[in-house]
Amino acid sequence: MNNTNWFHEARYGMFIHWGAYSVAARGEWAANRERIPFDEYKRLYAENFRAENYDPAAWAALAKDAGMGYAVLTTRHHDGFALWPTKAGEFHVGNMGPRRDLVGPFVEAFRAAGLRVGFYYSPANWFHPDYPGSCFRDWPGVDDWKSDEARQRFIAYYRAQLRELMTQYGKIDYLWYDGCIPDNLQCAEANEEMLRLQPHLLINERNGKPWHVQISEQAIKPAAPGVAWEACMTLNDNWGYHAGDSHWKRPGQVIQMLTETAAKAGNLLLNVGPKADGTIPGESAAILREAGAWLRRNGESIYNSSRSPFTWNNWGRVTTRGNKVYLHIWNNTGPELCFAEMKNRVQSARFLDGGGPIAFEQKADRLVLRGLPVSLRDLLATTIVLQVEGDPETLTPQTSFWIPGEPAT
Ligand code: GLC
């Protein structure tokens, strides 16, 4: 089992969906949803994907400001357009559009900023001649391939691309598969080969075994205790750039998602969809920066958090780390707050972002904090840190009914 320490410490990463579809500006599934013929897709989108303002150092600086520890770039999405000049196939950035490698500069810039680097790669490729079809809505079944030879050629093709990604760019930390067809594409062998090439690599679960990270997409569904997991989320309603989507999440919602995942020892991989020129939409950058400022004040409660035994309440969420319990409050309860889920004796209470001790009383099962400001001190989430005796323990493990944020059993 590969070491997931860095992943736990990071807790928060940047997902980057960028490619020919960014020109269409209608999300990354445009080719499939609109049944766009290959020639048209190539002419209108791949050819016009110029990346003229691509500045991966600016992306990396934003990820740092946001408080993120890693990033995952779509090196090739389901449309098959590779962001590096691959020798396996013709549909790539070396032959058209920017006419240069985009993956190498990404790796260099993020590494230089001290961030871990991940590659998203989709085995599925709608436009590949051996693939069952560009408008395939689902992933193909064994009988959908034109022939077994076609399937074998496709396997050789996608493995060659992966091999390039795993050998041409130095150390890669994370291989993020999507659009996988584990039963059709000899995935275990592919994964094992990539692990031979990059022994420290973490692999997500989507390409079958062996894998290290379980994924929860557009939802926060924790894995079983002891299993590394990651919730991937959009910042509006799309992964790829969509000019008409203004359903942005608020910075406070980002903090809530982050707190919810950190409470269950999981990571949040939060998406940005850069425009075709390479710039990240201003709205995304502003939201990430505001949440990042909160993390600078309160990051101790998130990074490397343990799996909290506490379930839920109506004012916020609780994360834990060692003998510390962090109460994240976003629904204000006024000058008093009651936390009645914990067995441990409290030694001290204070705001994580500074200030003196908070008065508290612990009577039997109930901890009551007193003298809190009438209005929330931090509108994104006010964090109180409790120093407790022993490992944090819940009073009543709740298992008899559905609990938000708990894995389904
Ligand atoms: C889905 C979509 C894809 C997106 C991915 C992110 O599988 O097919 O467009 O990249 O989710 O998790």
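Just the heavy atoms: all of them, side chains too, but no hydrogens, waters or symmetry mates, feed the values below.
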Discussion item. According to side chain to side chain donor-acceptor pair (under 3.5 Å), who are the partners of Arg366, at least two apart in sequence or on a separate chain?
Written reply: none

Practice prompt. Apply side chain to side chain contact (heavy atoms under 4.5 Å, CB included) to Tyr169 and Arg111, showing your working.
Written response: CA-CA 11 Å; Tyr169 298 105; Arg111 279 250 172 270; over 6 Å; no

Discussion item. Would you say Gln168 and Trp84 are linked by a side-chain donor-acceptor pair, where the criterion is simply a distance under 3.5 Å?
Written reply: no

Worksheet item: Are His77 and Ser122 close enough that a side-chain donor and a side-chain acceptor fall under 3.5 Å?
Response: no

Worksheet item: Considering all heavy atoms of both residues, which atom of Trp315 and which atom of Asn313 are nearest to each other, and what is their separation?
Response: N-OD1, 2.9 Å

Practice prompt. Name all residues meeting the side chain to side chain donor-acceptor pair (under 3.5 Å) criterion together with Arg250; count only those two or more places apart in sequence or in a different chain, and write none if there are none.
Written response: none

Response to the item:
Taking every heavy atom of Phe49 against every heavy atom of Ala276, the minimum-distance pair comes out as CE1-O, 3.5 Å

Worksheet item: Is there a donor in the side chain of Asp178 and an acceptor in the side chain of Tyr120, or the other way round, less than 3.5 Å apart?
Response: yes

Worksheet item: Out of Asn267, Thr319, Thr261, which residue meets the side-chain hydrogen bond (donor to acceptor under 3.5 Å, both in side chains) rule with Arg11?
Response: Asn267

Only distances under 3.5 Å count here; give the side-chain donor-acceptor pairs of residues 15-25 to other protein atoms, sequence neighbours excluded, each with its distance to 0.1 Å.
| residue | atom | partner | partner atom | Å |
| --- | --- | --- | --- | --- |
| His17 | ND1 | Asn271 | OD1 | 2.8 |
| Trp18 | NE1 | Lys275 | O | 2.9 |
| Tyr21 | OH | Trp18 | N | 3.0 |
| Tyr21 | OH | Trp18 | O | 3.2 |
| Tyr21 | OH | Thr74 | OG1 | 3.4 |
| Ser22 | OG | Gly19 | N | 3.0 |
| Ser22 | OG | Gly19 | O | 2.9 |

Discussion item. Run Asn191 and Trp211 through side chain to side chain contact (heavy atoms under 4.5 Å, CB included) and show every step you take.
Written reply: CA-CA 8 Å; Asn191 295 356; Trp211 59 264; 5.6 Å; no

Worksheet item: For atom NZ of Lys209, is the number of surrounding heavy atoms from other residues, nucleotides or ligands below 6.0 Å larger than 12?
Response: no

Worksheet item: Could you go step by step and tell me if Phe127 and Phe81 meet the ring-ring contact (aromatic ring centres under 6.0 Å, His included) rule?
Response: CA-CA 9 Å; Phe127 291 127; Phe81 187 61; over 10 Å; no

Worksheet item: Looking just at side-chain N and O atoms, do Asn184 and Trp145 make a donor-acceptor pair shorter than 3.5 Å?
Response: yes

Worksheet item: Do Arg297 and Trp294 come close enough that some side-chain heavy atom pair is under 4.5 Å?
Response: yes

Discussion item. Please verify the inter-ring angle class for Trp139 with His78; under 30° counts as parallel, over 60° as perpendicular, anything in between as tilted.
Written reply: perpendicular

